[in-house]
Amino acid sequence: MARRPGPVKRPKDAKKTLFRILRYMGAYKWQLAGVVLCIIISSLANVVGNYFLKPVINDYIVPLIGQKHVDYSGLIRMLCIMGVIYLFGAASTYLYQRIMLSVSTKTLKNVRTDLFSAMQKLPIKFFDTHTHGELMSRFTNDTDSMREMMGHGIPQFISSFISVAGVFIMMVVLSPLLTVLVLFMLVIMLFVVKKVGAKSGFYFKNQAKALGEINGYIEEMIEGQKVVKVFSREETIKQDFDVLNEQLCRAATNAHSFANILMPIMGNLGYLHYALTAAAGGMLVIFGAADLGTVASFLQYTRSFSQPITQISQQFNSILTAMAGAERIFAVIDEEPEQDNGTVTLVYAQKKADGSLTESKERTGIWAWKKPHEDGNATYIEVRGDVRFDDVTFGYEPNKTVLKNINLYAKPGQKIAFVGSTGAGKTTITNLINRFYDVPEGKITYDGIPITEIKKPDLRRSLSMVLQDAHLFTGTVRDNIRYGRLDAADEEVEASARLANAHSFIMHLPQGYDTVLTADGGNLSQGQRQLLSIARAAVADPPVLILDEATSSIDTRTEAQIEKGMDTLMAGRTVFVIAHRLSTVRNSNAIMVLENGEIIERGDHESLLSEKGKYYQLYTGMFELS
């Protein structure tokens with residue numbers, strides 16, 4: 001069923017978030033200084049231009065009333081001065097808007113760069129606990145709200161504040177008595193802005209939330225169209241969509257209703273204010289307490305007083321909304337990155353005549369662990385693929401144990417298979433070998449070295465993994481295979497494809513290896529995508545290979561052909577295999593049967609069958625894998 005949007009939160013620490021945004025913008029401090037200067041000029045130009053009405057009327061219009069021979073030169077000169085002032089203000093407005101557009105775009109570029117870089121350093125656990133849509137919204141909705149705030153919100157807020165302050169000062173200078181009326185009307189305006197603006201801001205946030213909900217739902221349904229049609233759920237998802245669409249419609253209607261009535265209300269209050277000021281000013285002129293020019297200039301200030309107040313209230317809400325988005329972005333940037341205290345690195349090596357290893361800058365086909373010492377020297381240990389679990393206990397959450405007291409070893413060149421029902425802990429074991437998660441209890445060693453001492457990038461470079469869900473990137477077939485080793489030559493790419501039995505179908509593609517794949521290889525079958533994934537692992541040429549349901553999407557005939565090539569690939573390597581199709585694990589050196597996070601049986605295919613235990617039941621079909 002569709003979910004109702006929850007309550008919208010304001011930024012937890014608006015001051016801290018705003019200062020952090022300003023620090024990002026601080027990289028362009030000279031441009032910002034120019035923006036502030038232009039805003040001041042633009043705002044004051046309007047204020048000063050309105051003041052010129054007083055001398056124009058008092059000194060150049062009133063004296064000319066009733067004269068037969070009129071000299072307009074002085075009046076024309078004053079009008080030209082006013083025109084230059086307004087033109088200068090308009091040019092300043094155009095200039096600061098253009099500069100601010102450039103600053104905000106570059107600032108957001110830096111924010112996105114930091115956000116993307118931070119995500120690359122986060123542990124797998126972070127991505128397991130956050131949805132893709134939630135993370136994508138940081139790059140889309142949240143950055144868009146920041147762009148609006150930096151490009152328009154903050155400059156408009158400053159401009160409106162300066163205009164209100166300047167206009168109010170000039171009002172006091174022109175007529176303190178009429179300013180009292182302004183203050184009275186100001187109180188009424190602020191009350192209206194607070195009530196209507198608060199409602200508008202609340203519903204605009206609800207609208208943003210509802211829009212995110214409906215966008216996520218649409219994306220999910222488009223991706224799952226095949227499943228929807230297979231189960232004939234078109235009407236069901238339409239009903240759920242209608243619920244979300246109604247929520248968005250209701251929130252948008254309320255948001256725009258309050259937003260649209262604010263300006264008319266403020267406009268009418270402004271007209272009322274103008275009328276009252278005109279009446280009061282006329283009375284002052286009649287009684288000689290003010291001159292006509294002062295009242296005319298004051299009336300002009302009255303017309304330009306209410307609009308900035310409305311703009312300030314509107315920008316205040318948008319700024320709060322943008323800062324809430326910025327806070328979510330900074331929360332991801334501030335997430336604790338994946339910890340790596342390892343010191344052992346993976347290097348190319350070559351053997352001396354005495355059998356000892358030395359480091360090589362060239363690819364030699366021999367890998368070695370470089371273990372540094374405090375005296376600056378290093379010990380080189382050949383990478384053989386000896387992986388051992390010693391009494392490992394692990395859970396993704398502290399109170400939920402997934403693996404219990406796991407003890408196993410894989411000698412160099414052995415093929416180790418894990419079988420068991422879903423949730424037994426098979427994939428978790430491979431996650432621990434990769435150090436996607438670290439074990440709280442027990443120890444995992446790789447060639448006698450605790451994997452916590454090996455730098456994570458080097459550890460993972462020594463492993464190659466074929467996942468059940470093959471993921472392909474936008475690019476050519478050749479590039480997708482070469483992703484396993486970026487310096488692989490075209491010949492090595494094609495050799496890996498032949499090994500995985502992918503060469504034949506690749507050559508039938510429109511441009512062969514140069515065919516561009518998009519949408520995660522949507523124009524390929526699931527089996528073809530998996531073949532490319534296997535070829536990608538093959539070209540990496542690692543000492544350890546992990547196959548997580550690698551052939552689950554391939555028919556049995558193709559699987560038999562692949563296994564011939566895979567036997568060549570696996571020769572001399574340590575291989576961990578997770579499989580539901582038990583025919584693929586028969587030739588394993590050791591088979592581990594897992595149940596509820598524990599190894600309940602272990603042995604080769606023949607010995608496990610002779611025991612007539614769980615493996616026997618699985619293999620003979622007496623107990624189905626789920």
Side-chain angles (χ1 to χ4, degrees), residues 120 340-387 410-415 433-435 445-466 473 475-500 502-503 506 513-514 532-547 565-576:
Q120 305 315 303
D340 187 3
N341 299 319
T343 57
V344 178
T345 56
L346 185 69
V347 297
Y348 297 130
Q350 58 185 8
K351 286 187 178 181
K352 297 181 179 178
D354 60 0
S356 62
L357 297 175
T358 181
E359 188 172 349
S360 172
K361 293 183 179 180
E362 303 295 329
R363 186 178 181 86
T364 61
I366 301 175
W367 297 91
W369 298 115
K370 182 180 180 181
K371 193 172 184 179
H373 301 297
E374 293 182 359
D375 60 3
N377 295 320
T379 300
Y380 295 93
I381 303 170
E382 185 175 358
V383 177
R384 297 178 298 120
D386 186 303
V387 179
K411 293 181 180 180
Q414 283 190 330
K415 180 180 178 182
I433 296 174
N434 275 290
R435 282 195 72 191
T445 60
Y446 192 152
D447 292 326
I449 306 170
I451 61 172
T452 53
E453 295 181 9
I454 303 174
K455 284 186 173 294
K456 289 183 178 180
D458 294 87
L459 171 67
R460 292 164 187 168
R461 201 151 55 95
S462 74
L463 307 166
S464 197
M465 195 168 185
V466 181
F473 298 94
T476 65
V477 171
R478 193 186 309 276
D479 291 339
N480 270 278
I481 296 176
R482 188 179 278 127
Y483 200 83
R485 180 162 60 87
L486 298 180
D487 61 350
D490 288 348
E491 296 77 13
E492 293 175 296
V493 170
E494 293 187 17
S496 299
R498 291 179 186 275
L499 190 65
H503 178 76
I506 291 174
Y513 283 87
D514 295 317
L532 292 183
S533 181
I534 294 172
R536 183 165 60 195
V539 80
D541 194 26
V544 175
L545 190 63
I546 299 173
L547 307 176
M566 293 291 283
D567 287 340
T568 305
L569 173 63
M570 293 186 291
R573 308 177 196 276
T574 303
V575 181
F576 293 95

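Across every non-hydrogen atom of A410 and F576, the tightest pair is CB-CZ, 3.7 Å. Nearest heavy-atom pair across A497 and A535 is CA-CB, 4.0 Å. Contact record, P543 with S462: CD-O, 3.0 Å, taken as the closest heavy-atom pair. The minimum heavy-atom distance linking S464 with P542 is given by the pair CB-CG, 3.0 Å.
The CD1 atom of I366 lies 8.0 Å from the CD atom of Q350; values are rounded to the nearest 0.5 Å. A distance of 10.5 Å separates CE in M465 from OG in S533, rounded to the nearest 0.5 Å. With rounding to the nearest 0.5 angstrom, the OH atom of Y380 is 9.5 Å from the NZ atom of K352. Here the OG1 atom belonging to T345 is positioned 9.0 Å from the CH2 atom belonging to W369, to the nearest 0.5 angstrom. Here the CD1-CG distance, from I433 to L463, works out to 7.5 Å after rounding to the nearest 0.5 Å. Expressed to the nearest 0.5 Å, how far CD1 of I481 lies from CD1 of I534 amounts to 11.5 Å.
Atom OH of Y483 has 12 or fewer neighbouring heavy atoms from other residues, nucleotides or ligands inside a 6.0 Å radius.
No salt bridge links D447 with K371; every basic N to acidic carboxylate O contact stays at or beyond 4.0 Å.
Annotation: side chain of V387 is not in contact with side chain of I451 (no heavy-atom distance under 4.5 Å). Residues N434 and I546 meet the side-chain proximity criterion, which asks for heavy atoms closer than 4.5 Å. K370 is not listed as a side-chain neighbour of V344, based on a closest heavy-atom distance of 4.5 Å or more.
By the ring pair (Phe, Tyr, Trp, His ring centres under 6.0 Å) test, Y348 is found to be paired with W367, residues two or more places apart in sequence or in another chain being considered.
Of the possible polar contacts, one joining the R482 side chain to the A488 backbone as a donor-acceptor pair under 3.5 Å is found. Looking only at distances, no side-chain donor or acceptor of T574 sits under 3.5 Å from a matching main-chain atom of V544. For the pair N480 (side chain) and F473 (backbone), a donor-acceptor distance under 3.5 Å is present. The backbone N or O of G484 sits nowhere less than 3.5 Å from a side-chain atom of R536 that would complete a donor-acceptor pair. When atom types are taken as modelled, the side chain of E453 and the backbone of P450 share no donor-acceptor pair closer than 3.5 angstrom. At least one donor-acceptor pair closer than 3.5 Å links the side chain of R460 to the backbone N or O of R435.
D458 pairs with exactly one of K455, K456, R461 by the salt bridge (Lys or Arg N to Asp or Glu O under 4.0 Å) rule, that one being R461. Checked options E491, E492, E494; the residue passing with R478 is E494 (criterion: salt bridge (Lys or Arg N to Asp or Glu O under 4.0 Å)).
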